[in-house]
Amino acid sequence: MTPPPGAAGAVRHPDAPAPGELLGSHYEKCFGCGGGQAHGLHLEARAGEGVAVTAEFTVRPVHQGAPGLAHGGVLSTALDETMGSLGWLMHTIMVTGRLETDFVRPVPVGTVLRLGAEVTAVDGRKVFTRATGRIGGPDGPVAVRAEALFIKVNVSHFTEHGRDEEIEAAMADPDQVRRARAFEVNP
Ligand SMILES: CCCCCCCCCCCCCC(=O)SCCNC(=O)CCNC(=O)[C@H](O)C(C)(C)COP(=O)(O)OP(=O)(O)OC[C@H]1O[C@@H](n2cnc3c(N)ncnc32)[C@H](O)[C@@H]1OP(=O)(O)O
């Protein structure tokens, strides 16, 4: 996932949340960040400098694969969600086209995974990102890392393909910021 020569750097939107500010969830029912998913990751991302975020994910017993260890797919999801949240710093709607994960160390249940993600390049609709997840503290060893290619999409990606009842409920969301993230961002 190497950006082509001449790909541009990421541009932080002037109205992006300030560094240190929590991004909040883009959708209450999102498995990655929504508060309305009992077994979801409840991942909380925070804006960094430039187009970068940090996030935390606490591995709970419902996230196991092997006994006492986080499921690899769940860890990929945490990385994916963290990289996906970078879109809000650029006020861009984007979806994952390709995701590559390296599982470097096992991640025990009870771990607080410290995630960090950034955009490395933008080439038209293609947004190149990378992320790491550390255990044992913010400066602890890397347990997982990923690179992903996100593709910018129009809101019609969701309205045309999503199930009507969830789309209608999300459009009626009284949380204005969350609604803006989902439907009022110019891709
Ligand atoms: C409710 C709303 C919420 C929104 C708010 C925040 C959301 C946050 C969500 C966070 C949750 C976490 C995130 C989630 O979980 S997002 C959910 C998981 N992802 C999806 O469901 C995406 C499904 N895929 C698609 O819909 C289409 O394939 C997309 C839209 C991605 C592209 O189809 P489209 O027809 O539009 O475009 P295109 O095919 O002309 O491709 C365009 C360019 O991209 C290149 N390319 C494409 N794919 C790949 C690939 N695999 N490897 C390498 N390159 C690839 C392609 O070659 C081309 O390049 P070029 O030829 O121009 O050089």
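Atoms within a ligand are numbered from 1 in the order they appear, just like the ligands themselves. These numbers come from a predicted model, not from an experiment. Numbers here simply count residues along the sequence, with the first being 1.
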Quiz item: Would you call Thr96 and Met83 a side-chain contact if the rule is heavy atoms closer than 4.5 Å?
Solution: no
Practice problem: Would you mind telling me if ligand 1 is within reach of the side chain of Val155, the backbone, both or neither, using heavy atoms under 4.0 Å? | Solution: neither
Quiz item: Does Arg125 reach the main-chain N or O of Val153 with its side chain, forming a donor-acceptor pair under 3.5 Å?
Solution: no
Quiz item: Would Arg114 and Glu56 pass as an ion pair if we require N to O under 4.0 Å?
Solution: yes
Quiz item: For Tyr27, is the nearest heavy atom under 4.0 Å from an atom of ligand 1?
Solution: no
Self-check item: Interfacing atoms of ligand 1 (cut-off 4.0 Å, heavy-atom, Lys126)
Solution: 44 (O), 45 (C), 59 (O), 60 (P), 63 (O)
Quiz prompt | Gly97: numbered ligand 1 atoms lying under 4.0 Å from its heavy atoms | solution = 50 (C), 51 (N)
Quiz item: Which atoms of ligand 1 sit under 4.0 Å from any heavy atom of Val153?
Solution: 30 (C)
Practice problem: Please say whether Thr96 places an N or O atom under 3.5 Å from an N or O atom belonging to ligand 1. | Solution: yes
Quiz prompt | Candidate with minimal heavy-atom separation from atom 15 (O) of ligand 1, of Asp80, Ile167, Leu99 | solution = Asp80
Exercise. Drop me the distance from Asp173's CG to Lys29's NZ, to the nearest 0.5 angstrom.
Key: 10.0 Å
Quiz prompt | Other residues, nucleotides, ligands: >12 heavy atoms within 6.0 Å of Arg60 CZ | solution = yes
Quiz item: Do the side chain of Ser25 and the main chain of Tyr27 share a donor and acceptor less than 3.5 angstrom apart?
Solution: yes
Quiz item: Any idea which heavy atoms bring Gly133 and Leu115 closest together, and the distance?
Solution: CA-CD2, 4.0 Å
Practice problem: With heavy atoms only and a cut-off of under 4.0 Å, state how Ile151 meets ligand 1: side chain, backbone, both or neither. | Solution: side chain
Exercise. Would you mind running through ligand 1 and noting each atom that sits below 4.0 Å from a heavy atom of His157?
Key: 26 (O)
Practice problem: Within a distance under 4.0 Å of any heavy atom of Leu149, pick out the atoms of ligand 1 and give their elements. | Solution: 53 (C), 54 (N), 55 (C)
Quiz prompt | Structural part of Arg125 in contact with ligand 1, heavy atom criterion under 4.0 angstrom | solution = side chain
Quiz item: So which bit of His161 gets within less than 4.0 Å of ligand 1, heavy atoms only: side chain, backbone, both or neither?
Solution: neither
Self-check item: Over 12 foreign heavy atoms within 6.0 Å of CZ, Arg12
Solution: yes
